[in-house]
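So the structure is just underneath, and the comments pick up after that.
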Amino acid sequence: MAHTRTAIIAGNWKMNYGLKQAREFVQEILPALEQVVASYPHILSILCPPAISLETVHAILSEKPVPHIELGAQNMYFEEKGAFTGEISPLMVRELCSTVILGHSERRTYFGESDEQVNKKTLAALIHGLRPIVCIGENLEQYEMGETGEVIHTQIKGSLANLPTQQAQEIVIAYEPIWAIGTGKAATGEGAGKVVHLIRHLYGEMYGSEAAASLRILYGGSVTSGNISEFIAHPDIDGALVGGASIKADFVEIARKMVETMTQVVG
Ligand code: PGA
């Protein structure tokens, strides 16, 4: 990755770990994670537990704040308040989090989220000072049909439309090929790198070369400590959004390998 951009290692816990388990897990990994992020100046780790566990994790992180470990939500609605049963608002997320994952493929697939909705959420996140991690990626059929570029193009144009130019560089995109999520079949560094390069190019067409150069793009899909080096070594890939391995101690090992590789690549 280019050393001018701070790398991100984010953990999407999905629907795992309520209050007790979240507390136990964070207490288990935090000392080692702190050490890893403290060993490299340009890395940020973002933990994204389920909404109900955010406050528990927030309380632990607040005991001894570590500047490079932050909290993120996995989703939110775009309205500020009101009759939207079951939803949480940007104002609520902002009370505990710096970041919010938006448009994850599981939200798109199981809960019918469209690019238009993801766009509204992205704009709402920016208005409320949240860093959006916007997820995009093709499914297996699209991948096999060679439609990845087209799908990415449509998702970027739709999910990331009308951003205020001065905030366009605050966005983080996670490229997560759906066929790689939770399957144990990660993309290759080269394959993901090509798509990520295309994403940067398309973003540049929308918001200019400066925004494209600052944009952080993560890879997600079966990332482990065994394959992270391959991804982070690619100059266009700025980190990872980790699912399954983020609720295990391997998450710290992934962060450690990331730092190791970045230190070798950029010195
Ligand atoms: P995975 O999930 O690491 O379990 O493949 C990634 C994600 O869904 O963000």
Side-chain angles (χ1 to χ4, degrees), residues 7-17 21-22 25 29 33 44-51 53-54 57 70-76 93 97-113 118 121-122 125 130-140 142-143 148 151-152 155-156 159 171-189 191-193 195-196 199 216-232 234 237-258:
I8 293 179
I9 170 75
N12 171 14
W13 297 11
K14 310 194 180 188
M15 202 170 70
N16 296 289
Y17 294 174
Q21 285 178 306
F25 177 63
I29 62 161
L33 188 60
L44 172 65
S45 182
I46 307 171
L47 306 180
C48 307
S53 301
L54 282 171
V57 178
E70 297 182 6
L71 200 54
Q74 296 174 15
N75 178 37
M76 66 172 201
V93 173
C97 302
S98 64
T99 301
V100 60
I101 299 172
L102 296 173
H104 189 279
S105 69
E106 286 147 20
R107 301 278 339 153
R108 293 176 185 263
T109 306
Y110 305 135
F111 303 98
E113 277 191 25
V118 176
K121 293 179 177 198
T122 305
L130 287 161
R131 174 194 300 115
I133 299 181
V134 179
C135 303
I136 56 176
E138 80 285 6
N139 65 29
L140 183 61
Q142 293 161 335
Y143 173 69
T148 301
V151 172
I152 292 297
Q155 288 179 333
I156 292 199
S159 301
I171 296 281
V172 178
I173 294 177
Y175 167 57
E176 301 204 303
I178 297 172
W179 48 267
I181 296 179
T183 58
K185 290 186 197 137
T188 60
V195 182
V196 168
I199 293 171
R216 257 90 56 89
I217 310 177
L218 316 180
Y219 167 76
S222 297
V223 170
T224 65
S225 56
N227 61 23
I228 183 66
S229 304
E230 205 187 318
F231 297 109
I232 198 67
H234 192 283
I237 300 180
D238 302 308
L241 179 56
V242 183
S246 76
I247 54 168
K248 301 182 193 143
D250 196 41
F251 186 65
V252 180
E253 204 41 43
I254 295 172
R256 201 192 314 279
K257 282 272 167 59
M258 234 170 96

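Since we're looking at a predicted model, the values are computed, not measured. For ligands, and for the atoms within them, numbers begin at 1 and follow the listed sequence.
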Counting distance only, does the side-chain N/O of S246 pair as donor-acceptor with the main-chain N or O of G243 below 3.5 Å? yes
Going by the order shown, which atoms of ligand 1 are within less than 4.0 Å of some heavy atom of K14? 2 (O), 7 (C), 8 (O)
Can you tell me how the ring of W13 sits relative to the ring of F25, calling it parallel under 30°, perpendicular over 60° and tilted otherwise? perpendicular
Using a strict 4.0 Å cut-off to heavy atoms of H104, name the atoms of ligand 1 that fall inside it. 7 (C), 8 (O), 9 (O)
Heavy-atom closest pair, residues G182 and S222: N-OG, 3.8 Å
Chi angles and distances behind the side chain to side chain contact (heavy atoms under 4.5 Å, CB included) call for Q155, R108: CA-CA 11 Å; Q155 288 179 333; R108 293 176 185 263; 4.2 Å; yes
Donor-acceptor under 3.5 Å (K257 side chain, G226 main chain): no
Ignoring hydrogens and geometry, is there a side-chain-to-backbone donor-acceptor pair from E176 to G137 under 3.5 Å? no
What are the atoms of ligand 1, with element, lying closer than 4.0 Å to any heavy atom of G244? 1 (P), 3 (O), 4 (O)
Give the atom numbers and elements of ligand 1 that come within less than 4.0 Å of a heavy atom of G221. 5 (O)
Show me which atoms of ligand 1 lie under 4.0 Å from any heavy atom of G182. 1 (P), 4 (O), 5 (O)
Side chain, backbone, both or neither: N12 near ligand 1, heavy atoms under 4.0 Å: side chain
On a heavy-atom basis, which atom in L102 and which in P132 lie closest, and how many Å separate them? CD1-CB, 3.9 Å
Give a yes/no verdict on whether any heavy atom in G220 is under 4.0 Å from an atom of ligand 1. no
Ligand 1 and T183, any nitrogen or oxygen pair closer than 3.5 angstrom? no
Which atoms from ligand 1 have a heavy atom of A180 less than 4.0 Å away? 5 (O)
Between the candidates A245, C135, G243, which shows the shortest non-hydrogen contact distance to atom 6 (C) of ligand 1? G243
Looking only at protein heavy atoms, identify the closest one to atom 9 (O) of ligand 1 and say how far it is in Å. E176 OE2, 2.7 Å
To the nearest 0.5 Å, tell me how far K14 NZ sits from Q74 CD. 9.0 Å
